[in-house]
Peer 1: 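Let me begin by handing over the structure; questions about it come next.
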Amino acid sequence: MRPARQTALEKVLPQIAIESPEAALDFPFTPEKVWLEIGFGNGDALAHWHHEFPNTGFIGCEPFINGVSNFCKLVANDDLKNIRIWNDIAQPLMAALPDASIDRVYLLNSDPWPKKRHHRRRVIQQESLDTLWRIMKPGALLILTTDHQSLAEWMLEQTLRHSKFEWTAKCKADWQTPPEGWLTTRYEGKGAVAGRSQVYLTFRKVDCE
Ligand SMILES: C[S@@+](CC[C@H](N)C(=O)[O-])C[C@H]1O[C@@H](n2cnc3c(N)ncnc32)[C@H](O)[C@@H]1O
């Protein structure tokens with residue numbers, strides 16, 4: 001790890017680290033809303049949102065320490081009150097979150113696991129959708145992006161099959177165009193340069209039993 005990142009990690013992470021999944025929502029203020037990002041990578045989007053929406057609380061999950069250290073460097077001089085970071089896979093934290101506690105969930109460019117025998121490792125599964133549905137507030141949005149066609153089809157199929165999420169797209173442009181105010185992550189930018197097109201799948205929690 002580069003020294004600047006190591007320094008930022010040591011300075012910032014102790015202030016924002018979630019020590020146990022049960023403590024995920026322990027912000028030092030009462031946020032108007034809470035957004036969850038699963039697998040934030042280098043943290044470009046999370047750093048952008050935390051500036052844009054200071055009254056929203058952000059929970060970021062990322063197991064990769066180099067990504068976390070980059071994020072720490074991006075926010076090192078900021079007011080950190082609206083950020084909580086879980087430096088591990090998201091599933092145990094999601095399982096511990098209370099019912100109807102999250103206003104929005106982002107999963108951007110999730111690992112595609114292209115081989116069929118690895119599809120069970122994809123983040124979006126019926127079980128994870130059950131958990132997401134439970135922790136999301138009524139009407140909350142789940143935003144999934146990818147430039148990997150097989151993963152896009154998988155996430156759409158899994159989410160529609162789950163039936164407790166409705167796809168908000170009304171026409172092709174709705175899933176081909178980034179939502180307003182979108183920040184292109186480094187990963188998405190590299191895909192665009194390589195000629196891969198991104199899909200933006202937005203689902204709303206349907207409030208039914
Ligand atoms: C392809 S990268 C995309 C990073 C970022 N979202 C972006 O768009 O630039 C996928 C990220 O998901 C993380 N990841 C993989 N499995 C995860 C899990 N179960 N929970 C949380 N993050 C996970 C990886 O460490 C990796 O940083």
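Just so you know, ligand 1 is whichever comes first in the structure, and atom 1 is the first atom listed for that ligand.
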Peer 1: Quick check: closest heavy atoms across Ala152 and Leu201, and the distance to 0.1 Å?
Peer 2: O-CD1, 3.9 Å
Peer 1: What short N/O contacts, under 3.5 Å, does ligand 1 make with the protein, listed by atom pair and distance?
Peer 2:
| from | atom 1 | to | atom 2 | distance (Å) |
| --- | --- | --- | --- | --- |
| ligand 1 | 6 (N) | Gly39 | O | 2.8 |
| ligand 1 | 6 (N) | Leu108 | O | 2.7 |
| ligand 1 | 8 (O) | Asn109 | ND2 | 2.8 |
| ligand 1 | 8 (O) | Thr185 | OG1 | 3.1 |
| ligand 1 | 9 (O) | Thr185 | OG1 | 3.3 |
| ligand 1 | 19 (N) | Gln91 | OE1 | 3.0 |
| ligand 1 | 19 (N) | Gln91 | NE2 | 3.4 |
| ligand 1 | 20 (N) | Ala90 | N | 2.9 |
| ligand 1 | 22 (N) | Gly39 | N | 3.4 |
| ligand 1 | 25 (O) | Glu62 | OE2 | 2.6 |
| ligand 1 | 27 (O) | Glu62 | OE1 | 2.8 |
| ligand 1 | 27 (O) | Glu62 | OE2 | 3.1 |

Peer 1: Show me the pairs that pass ring pair (Phe, Tyr, Trp, His ring centres under 6.0 Å) and involve residues 92-126, at least two apart or across chains.
Peer 2: Trp35-Tyr106, Trp49-Tyr106, Trp113-His118, His119-Trp154
Peer 1: Any donor-acceptor pair under 3.5 Å linking the side-chain atoms of Gln158 with those of Gln126?
Peer 2: yes
Peer 1: Assess, by modelled atom type and distance only, whether the side chains of Arg122 and Ser150 contain a donor and an acceptor separated by less than 3.5 Å.
Peer 2: yes
Peer 1: In terms of relative ring orientation, are Phe165 and His162 parallel, tilted or perpendicular, with 30° and 60° separating the classes?
Peer 2: tilted
Peer 1: Quick one about Trp182 and Glu188 (side-chain donor to acceptor, distance below 3.5 Å, no hydrogens or angles considered), yes or no?
Peer 2: yes
